[in-house]
Protein chains: 2
Amino acid sequence: MTLGQKIKQLRESKGMLQRKLASILEIGDGFLSKVESDQKPLKREHLKTISETFDYSYNELEALWIATKVYDLVKDEDEGLNALKVAEEQVKYHKNQK
Amino acid sequence: MTLGQKIKQLRESKGMLQRKLASILEIGDGFLSKVESDQKPLKREHLKTISETFDYSYNELEALWIATKVYDLVKDEDEGLNALKVAEEQVKYHKNQK
DNA sequence: TTGAACTTGACTTAATTTGGTCAAATTTAA
DNA sequence: TTAAATTTGACCAAATTAAGTCAAGTTCAA
């Protein structure tokens, strides 16, 4: 599940139109459409509004938001999956140092 | 192990000075110093030269190079580790679709 | 079959990142 | 202890990405 898919899911589960959610976020509906298909990144601040609008976990949205950026970085890479594993090691290693 | 650490390790294992490697890569030694401490990203093309200079796996260098960028993205994030797991799912899912 | 909802493509401006340089400060080894 | 090696900080131009808009095209339900 990507961030775009999650936003669309949340929106549709409330029967809300793109136009409506777009106006809540103060963006155009064309842009929201692209966000929902992960063609454009969303400002981080918008996550808060989405979390509140649909009463959905902010942390989960945040994880999806970061994951989208990570995925964009590795998606066309042969070594993408290996790189993820290396990065995971680095994160875990650094956590122990704190 | 990060890309910078790996480069430094390879360089020192041959007893090569930064000045020397920097000149091979046609960059300044100040810049190389920052690359070795992961403060600056290296051009991807340089990986080829490094691989040849030290006779070290290009793919492994590439994985480290991507991993560094991924790590930069998640290192200060509370949800970083979760995001990595989500991204990994997405990569694996997409691989099956191809 | 037509109107509302949605998607797409082309474009834009502003902000950020890349990929460096150079001199000064610091560290290391002989 | 001093000279060579390395690190750091301040700076920079060029390239890329972010974060949109808008109009035209497409899809879908009634």
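Worth knowing before you read on, the calculation uses all heavy atoms, side chains too, and leaves out hydrogens, waters and symmetry mates. Naming: A, B, ... by sequence-line order, numbering from 1 per chain.
Protein atom CG of A/Leu21 is 14 Å distant from nucleotide atom P of C/dA5, rounded to whole Å. Rounded to whole angstrom, the span from the CD atom of B/Gln39 across to the C1' atom of D/dT8 amounts to 7 Å. When the P atom of C/dC6 is taken as reference, atom CD1 of A/Ile7 falls 14 Å away, rounded to whole Å. When rounded to the nearest whole Å, the span between CG of A/Asp72 and P of D/dT17 equals 10 Å. A straight line from CZ of A/Phe31 to C1' of C/dC11 spans 14 Å, rounded to a whole angstrom. Going from atom CD of B/Glu45 over to atom C1' of C/dG20 covers 13 Å, rounded to whole Å. What separates CG of A/Leu73 from C1' of C/dT18 is a distance of 14 Å, to the nearest Å. B/Leu42 has its CG atom 18 Å from the P atom of C/dT17, to the nearest Å.
For the OP1/OP2 pair of D/dA18 and a distance below 4.0 Å, the side-chain nitrogens and oxygens of A/His46 include no atom meeting the criterion. Checking the phosphate oxygens (OP1, OP2) of C/dC6, no side-chain nitrogen or oxygen of A/Arg19 falls inside 4.0 Å. Considering only side-chain N and O atoms, A/Gln18 lies under 4.0 angstrom from the phosphate OP1 or OP2 of C/dT7.
The nucleotide whose nearest atom lies closest to any side-chain atom of B/Ser33 is, among C/dG19, C/dC6, D/dT7, D/dT7. Listed nucleotides: C/dG20, C/dT18, D/dA18. Nearest to the side chain of B/Lys69: C/dT18. Ranking C/dA5, D/dA19, D/dT21 by closeness to the A/Lys43 side chain, first place goes to D/dA19.
Residue A/Arg11 is classed as a sugar-phosphate contact, given heavy-atom separations below 4.0 Å to backbone atoms only. A/Lys20 comes within 4.0 angstrom of no nucleic acid atom, judged by non-hydrogen atoms across all strands. Heavy atoms of B/Gly30 sit under 4.0 angstrom from at least one base atom.
The structure places CG of A/Leu42 at 6.5 Å from CG of A/Leu25, a figure rounded to the nearest 0.5 Å. Rounding to the nearest 0.5 Å gives a distance of 9.5 Å between NZ of B/Lys69 and CG of B/Leu3.
Put simply, the side chain of B/Lys40 and the base of C/dG19 share a donor and an acceptor less than 3.5 Å apart. Judged by distance alone with a 3.5 Å cut-off, a donor-acceptor contact links the side chain of B/Lys34 to the base of D/dG9.
Between A/Glu77 and B/Arg44 there is a salt bridge, since at least one side-chain N of the basic residue sits less than 4.0 Å from a carboxylate O of the acidic one. Classification of A/Lys85 and A/Glu89 as a salt-bridged pair fails, no side-chain N sitting under 4.0 Å from a carboxylate O. Checked for salt-bridge contact, B/Glu36 and B/Arg11 meet the test: a charged N lies under 4.0 Å from a carboxylate O.
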